[in-house]
2 protein chains.
Amino acid sequence: MVEDVVRTLGFLCMGSRLRRIGERLQSDTQQVIDEAGLGIQAGQYPFLAAIDRSGPLTIGELAQAVGITQPGATRTIGQLLELGFVDMQPAPDDQRRRLVSLTGKGQDLVDHSKMVIWPRIAAAVADLCGDLDGPILQQLAAIEDGLAAVPLARRHAAKEEEA
Amino acid sequence: MVEDVVRTLGFLCMGSRLRRIGERLQSDTQQVIDEAGLGIQAGQYPFLAAIDRSGPLTIGELAQAVGITQPGATRTIGQLLELGFVDMQPAPDDQRRRLVSLTGKGQDLVDHSKMVIWPRIAAAVADLCGDLDGPILQQLAAIEDGLAAVPLARRHAAKEEEA
DNA sequence: GAATGTTATATAACGCGTTATGCATTCGTG
DNA sequence: CACGAATGCATAACGCGTTATATAACATTC
């Protein structure tokens with residue numbers, strides 16, 4: 001077995017480390033979504049959630065809301081349009097701005113997700129790291145170990161620790 | 001100003017959140033590297049560090065060491081070969097395995113980085129989050145706020161907190 | 001009110017991760 | 001020792017982020 005340099009180097013490789021943990025978490029999340037039979041990508045959810053919370057938003061506002069750049073938002077919204085979850089129309093007062101809103105299908109998905117899937121994911125992540133405390137490097141190590149031991153899809157509610 | 005849904009949703013969007021913080025951190029790190037005039041990508045460093053620490057490694061071992069998949073390692077090593085920082089040759093006992101080692105130029109870069117650049121980066125990241133404690137979501141919020149307030153490249157050693 | 005600048009979105013090209021797959025080499029077994 | 005399985009790496013195609021740039025609509029200014 002080879003040493004994990006990213007972990008060993010600590011603060012020096014924190015960017016790489018956060019990224020790779022995020023990727024792992026997100027792909028585990030995707031698995032939960034797929035098991036529930038929803039035809040959506042994990043990364044698309046924040047866009048739907050943002051519109052659900054704040055009402056119709058423009059591309060630029062969505063980019064801000066999910067914390068990515070505008071071209072990324074344009075692309076994801078394009079996918080959600082294809083999927084029929086959102087609708088887009090020029091703002092009445094400013095033809096440059098495009099207001100993105102949920103379709104009936106999109107709202108149904110959000111409503112269903114809010115009841116069934118989001119609590120499930122949040123609970124699994126909370127089970128993974130909700131009780132952690134202390135320096136961040138330690139917590140990251142615990143999260144990586146935890147994911148390796150029990151993937152997100154097999155986690156449900158907070159249970160008594162076994163290790 | 002639009003609400004940051006990823007932050008608001010907490011555990012539900014933890015994957016996206018870790019990824020975006022990691023990306024931000026890594027691009028800030030890149031800026032430090034560029035300011036030092038080194039012609040290398042932040043993401044390539046862990047590979048050099050791994051070889052420096054463990055001696056020549058195969059592609060597969062490197063992938064393990066930096067925690068990515070084998071095709072990713074193949075690609076990055078290809079770049080480091082182009083740049084002349086590493087060298088690759090078939091293992092004597094097994095023609096399938098390719099042993100990757102540092103060239104003189106690569107070793108020079110690592111030696112210089114160990115003295116000058118890595119401590120600088122580690123100190124900046126430590127300044128950003130070394131003193132944090134508590135639940136991970138809180139720490140992540142502090143890191144995001146901290147990066148927004150003072151980018152990594154402007155951070156040096158641990159100083160007394162100002163907020 | 002025409003010229004000029006600014007803003008909102010779209011598009012293109014790229015970085016760096018992934019999965020899927022092909023090919024060469026080695027291993028295991030009849 | 002030959003043949004099928006396993007292993008190690010390369011390649012292709014894709015996901016999703018980025019930066020840079022084009023275009024259309026609005027704002028400003030003379």
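A heavy atom closer than 4.0 Å to some atom of DNA chain D occurs in B:T58, B:I59, B:G60, B:Q70, B:P71, B:T74, B:R75, these being the qualifying members of residues 53-79 of chain B. DNA chain C is contacted by no residue of residues 28-44 of chain A, taking any non-hydrogen atom closer than 4.0 Å. Contacts with DNA chain D (heavy atom under 4.0 Å) in residues 11-24 of chain B: B:R19, B:E23, listed by number.
Between B:I143 and B:R24 the shortest side-chain heavy-atom distance does not fall below 4.5 Å. Looking at A:V100 and A:I59, their side chains come closer than 4.5 Å, going by heavy atoms from C-beta outward. Under the 4.5 Å side-chain criterion, counting only non-hydrogen atoms from C-beta, B:L38 is in contact with B:S113. Residues B:D34 and B:Q30 form a side-chain contact, since some pair of their non-hydrogen atoms from C-beta on lies under 4.5 Å apart.
Pairs engaging residues 104-143 of chain A under the ring-ring contact (aromatic ring centres under 6.0 Å, His included) rule: A:Y45-A:W118 [sequence neighbours left out]. Sorted by first and then second residue, the ring-ring contact (aromatic ring centres under 6.0 Å, His included) pairs involving residues 56-78 of chain A (not counting sequence neighbours) form an empty list. Residue pairs that meet the ring-ring contact (aromatic ring centres under 6.0 Å, His included) test with at least one member in residues 46-68 of chain B, sequence neighbours left out, do not exist here. Counting only residues at least two apart or in different chains, salt bridge (Lys or Arg N to Asp or Glu O under 4.0 Å) contacts with residues 68-92 of chain B are absent.
Listed for the A:E3 side chain is no donor-acceptor partner under 3.5 Å among the backbone atoms of B:R53. Not a single donor-acceptor pair under 3.5 Å links the side chain of A:Q31 to the backbone N or O of A:A153. Side chain of B:D28 to main chain of B:L152: a donor-acceptor pair is present (N/O by atom type, distance under 3.5 Å, no hydrogens or angles). Using a distance-only test at 3.5 Å, with no hydrogens or angles considered, no donor-acceptor pair links the side chain of B:Q26 to the main chain of B:E23.
If you measure from atom CG of B:L99 to atom P of D:dG8, you get 12 Å, rounded to the nearest angstrom. Whole-Å rounding puts the A:L25 CG to C:dG17 C1' distance at 16 Å. The separation between A:R98 atom CZ and C:dT9 atom P is 8 Å, rounded to whole Å.
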Could you go through residues 60-68 of chain A and list every donor-acceptor pair under 3.5 Å that involves a side-chain atom there, pairing it with any protein atom two or more places apart or in another chain?
residue, atom, partner, partner atom, Å
A:E61, OE1, A:T58, N, 2.9
A:E61, OE1, A:T58, OG1, 3.4

Can you give me every donor-acceptor pair (side chain of residues 102-111 of chain A, partner residue at least two apart or in another chain, under 3.5 Å) with its distance?
residue, atom, partner, partner atom, Å
A:T103, OG1, A:G84, O, 2.6
A:T103, OG1, A:F85, O, 3.1
A:T103, OG1, A:K105, N, 3.4
A:T103, OG1, A:G106, N, 3.0
A:K105, NZ, A:L83, O, 2.7
A:Q107, NE2, A:D52, OD1, 3.2
A:Q107, NE2, A:D111, OD1, 3.1

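For B:R17, the salt bridge (Lys or Arg N to Asp or Glu O under 4.0 Å) test picks out B:E144, with sequence neighbours left out.
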Atom pairs under 3.5 Å: protein N/O with N/O of nucleotides 4-6 of chain C:
none

Pick out the pairs of N or O atoms, protein on one side and nucleotides 1-4 of chain D on the other, that lie under 3.5 Å.
none

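Candidate nucleotides D:dC26, C:dA10, D:dA10 were compared by shortest atom distance to the side chain of A:D94, and D:dC26 ranks first.
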